[in-house]
> 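The structure is given below, and queries will be raised subsequently.
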2 protein chains.
Amino acid sequence: MTMNLKQLAENLGLSQTTVSRALNGYPEVSESTRMRVMQAAEQFNYRPNTKAKGLATGRAMAIGHVIATSGQNELVNPVFADFLAGAGETYSRNGYDLFLSIIADEEEARVYRDLKAKGTIDGIIIHAPRMNDLRIPLLQQLEMPFLVHGRSSREANNYAWVDVNNRQAFERATEFLLDLGHRDIALVNGHEYMDFAQQRRTGYLNALKSRGVSPNGDIMASDEMTEAHGYNSAKRMLSDKNRPTAFLVSSMIIAFGVRRAIQEAGLTMGRDISVVTHDDVLSYFGTKDDVPVFTATRSSVKEAGRISAESLLDMINTPGMELPQRLLEAQLVIGRSTAPAPAS
Amino acid sequence: MTMNLKQLAENLGLSQTTVSRALNGYPEVSESTRMRVMQAAEQFNYRPNTKAKGLATGRAMAIGHVIATSGQNELVNPVFADFLAGAGETYSRNGYDLFLSIIADEEEARVYRDLKAKGTIDGIIIHAPRMNDLRIPLLQQLEMPFLVHGRSSREANNYAWVDVNNRQAFERATEFLLDLGHRDIALVNGHEYMDFAQQRRTGYLNALKSRGVSPNGDIMASDEMTEAHGYNSAKRMLSDKNRPTAFLVSSMIIAFGVRRAIQEAGLTMGRDISVVTHDDVLSYFGTKDDVPVFTATRSSVKEAGRISAESLLDMINTPGMELPQRLLEAQLVIGRSTAPAPAS
DNA sequence: GGTTAGACTCAAAGCGCTTTCAAATTGATT
DNA sequence: AATCAATTTGAAAGCGCTTTGAGTCTAACC
């Protein structure tokens with residue numbers, strides 16, 4: 001059996017009250033008894049029972065992350081792993097637990113209601129917001145502190161979020177390709193109903209427009225961000241007589257697929273065809289080389305996880321504070337995948 | 001405020017006892033009052049408070065997953081995302097919550113002790129076991145139900161596990177390459193202290209030995225399973241005058257790197273150089289094509305998550321049952337990345 | 001009509017903690 | 001020696017649930 005407060009108190013010849021106060025750093029307890037208590041707690045490896053503590057304080061000391069597996073294939077985006085790693089670190093440093101729900105997206109509303117009513121968490125982080133995401137008004141109504149990783153542009157902007165400046169990142173990337181002389185720049189994006197995808201598309205179109213290049217729907221694709229999507233889209237576009245000379249793509253995984261199509265077409269990436277990708281800096285795709293393979297708009301999703309968690313904990317511990325909203329700028333890092341447009 | 005049992009009972013003109021019994025399906029309550037209670041619970045959107053319920057029953061209704069970020073780079077293996085998705089589905093179907101701890105590996109022992117003492121979970125799943133993994137005796141000593149995803153070959157085999165038959169998978173894959181006439185088969189593996197890596201190596205060596213092919217240390221590499229590891233290892237091996245004609249690699253991500261090195265060397269995968277990889281069937285690398293890109297030993301890690309979760313819940317709900325041990329066989333699926341060895 | 005089994009219902013204790021309110025102790029001050 | 005404030009400790013209530021042990025009521029039996 002594990003030791004509880006009562007036993008610990010008996011052992012010390014003190015009351016539960018005093019022991020509890022000593023452990024929680026209240027000032028009304030003398031330094032000498034605090035020492036005694038701390039030592040005994042250490043010795044017996046005592047940890048307060050989370051559920052009991054939560055019941056008594058009304059705080060769960062836990063944050064929920066709800067991840068909806070999208071589509072009938074129930075895809076699980078690998079960026080979650082890195083985001084959770086960043087957030088998880090912050091939580092454990094602050095004594096919070098991380099509570100994960102992985103569910104089909106049609107269940108989301110029910111899950112939020114449950115989490116609220118069951119009192120298991122103090123706050124929640126929302127992932128992968130849509131253009132106008134119903135989760136935001138729902139959580140506002142439930143009065144559950146929450147923070148959105150990303151934004152939902154068509155909702156009123158009165159909620160907490162941490163997001164990458166996707167629009168600007170893709171605007172800059174497009175300008176960069178234009179500067180290299182490219183005019184037929186393909187966009188291989190995520191689903192258009194995802195907010196980030198829409199932002200990136202806007203940035204891309206803005207850049208084209210400001211240079212007087214008219215967009216071409218034939219070289220814009222959006223779908224689930226898989227390797228296959230990159231491959232299929234690029235393959236199709238490259239087989240066209242007016243094939244693009246550059247690709248702007250929304251994830252490293254898509255980029256792998258695009259590269260495969262390029263090579264399969266007998267072309268060389270970084271010479272015949274340029275590629276710029278967004279790079280979430282996922283650990284296993286390591287771009288630690290001096291000169292990275294892909295030119296990329298880079299922004300660490302793990303770092304975003306860390307910042308999101310910190311912001312949410314702030315919100316919880318300082319009710320009524322101004323809602324944190326952090327726009328992270330992506331770096332444009334030049335790699336080997338881009339070159340001046342070949343003379344046509 | 002959310003409604004609690006007391007309020008619900010008052011609302012119905014019943015005692016807490018009766019309402020609780022009605023909700024939990026005890027037989028001592030008449031069908032008519034049960035109906036009334038259920039309806040009222042539905043109407044007021046009542047959910048029993050998890051912490052209170054847990055305190056009263058002594059069960060947390062939660063499973064812990066501890067993921068250690070390995071190395072100084074704090075890599076987060078993307079297979080976790082899919083594994084958690086599989087497990088999470090099982091949990092929510094059975095009313096369990098999922099607790100995630102992401103920590104540096106040196107903290108693991110402390111975290112297990114904490115989880116036990118704090119009473120937040122009823123069971124735990126261990127990932128990525130080493131050759132002789134100290135976590136196993138520790139958890140046995142703590143008397144916390146646990147299941148290992150993978151195995152730890154040098155520990156006594158008296159614990160629950162779910163694992164892929166890595167040895168046999170790689171033995172078959174090696175035999176397949178030998179049948180195609182390959183003799184110089186490279187192995188690009190994970191860290192040798194990981195159990196699965198050791199198993200795969202054994203399978204590979206067994207196959208070579210039984211065909212009288214002597215292993216060559218120069219074409220065996222093991223490291224963190226990143227794209228860079230695949231690229232660097234393959235690049236080095238391919239630059240040798242006695243370069244291998246085939247690669248057997250431990251993950252899709254490594255395989256991407258190997259493919260890059262092959263193409264960069266002006267060679268063609270599936271003609272000049274054959275590649276067989278292990279494929280965890282991660283959703284975003286989708287090998288849904290008719291003929292997959294890579295020939296692979298395939299075993300879904302998401303499915304493993306599902307099976308692991310079910311087994312662990314069984315253990316928890318049927319104490320004293322025989323410890324579940326499931327060995328999953330990998331399929332050898334032929335793709336486009338393998339061909340007969342070129343005549344030398 | 002009295003007894004009894006069966007079907008329902010409830011009051012209260014307990015899970016392990018925090019926190020309010022009260023009490024005891026100490027030392028300094030008058 | 002009496003008073004008072006400051007310091008330190010403790011008893012008990014309460015967080016929201018389950019569960020034990022004890023009723024109450026109805027219908028059925030002799």
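Naming: A, B, ... by sequence-line order, numbering from 1 per chain.
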> I need the NZ-P distance between A:K6 and C:dT18, as an integer number of Å.
16 Å
> For the pair made of CG in B:L5 and C1' in C:dT9, what is the distance, rounded to whole Å?
14 Å
> Atom CG of A:D122 and atom CG of A:L115: how far apart are they, to the nearest 0.5 Å?
11.5 Å
> Please determine, by modelled atom types, if B:Y96 and B:R59 share a side-chain donor-acceptor pair under 3.5 angstrom.
yes
> Do any side-chain nitrogens or oxygens of B:N49 fall under 4.0 Å of OP1 or OP2 in D:dG16?
no
> The helix from C:dG1-D:dC30 to C:dT30-D:dA1: angle between its terminal axes, five pairs each, to 10°?
70°
> Once side chain to side chain donor-acceptor pair (under 3.5 Å) is applied, do any residues pair with A:R326, and if so which ones, sequence neighbours excluded?
none
> What distance do A:I63 atom CD1 and A:S308 atom OG have between them, rounded to the nearest 0.5 Å?
11.5 Å
> Are OP1 or OP2 of C:dT18 and a side-chain N or O of A:K53 less than 4.0 angstrom apart?
yes
> Does atom CE (A:M35) have a neighbourhood of more than 12 heavy atoms from anything else shown, all under 6.0 Å?
no
> What is the distance, rounded to the nearest whole Å, between atom CD of A:Q7 and atom P of C:dG14?
15 Å
> What is the distance from CG of B:L55 to P of C:dC15, rounded to the nearest Å?
10 Å
> Enumerate the residues from residues 10-37 of chain A whose closest heavy atom to DNA chain C is under 4.0 Å, giving them by residue number; use none for an empty result.
A:Q16, A:T17, A:S20, A:R21, A:N24, A:Y26
> Looking at A:K51, does any N or O in its side chain come under 4.0 Å of the phosphate oxygens OP1/OP2 on C:dC17?
no
> Check whether the side chains of A:S153 and A:D195 place a donor and an acceptor atom closer than 3.5 Å, and report yes or no.
yes
> Could you pull out the protein-nucleic contacts involving nucleotides 24-28 of chain C (nitrogen or oxygen on both sides, under 3.5 Å)?
none

> B:S311: which residues meet the side chain to side chain contact (heavy atoms under 4.5 Å, CB included) condition with it, sequence neighbours left out?
B:L147, B:V162, B:I307, B:P324
> So do A:P48 and A:L5 actually touch side chain to side chain, heavy atoms under 4.5 Å?
no
> Rounded to the Å, how far apart are B:R59 CZ and D:dT19 P?
11 Å
> Hey, is the main chain of B:Y26 close enough, under 3.5 Å, to the side chain of B:R34 for a donor-acceptor pair?
yes
> Which residues satisfy the side chain to side chain donor-acceptor pair (under 3.5 Å) test with A:H65, sequence neighbours excluded?
A:Y91, A:H127
> Within a 6.0 Å radius of atom CZ on B:R154, are there more than 12 heavy atoms belonging to other residues, nucleotides or ligands?
no
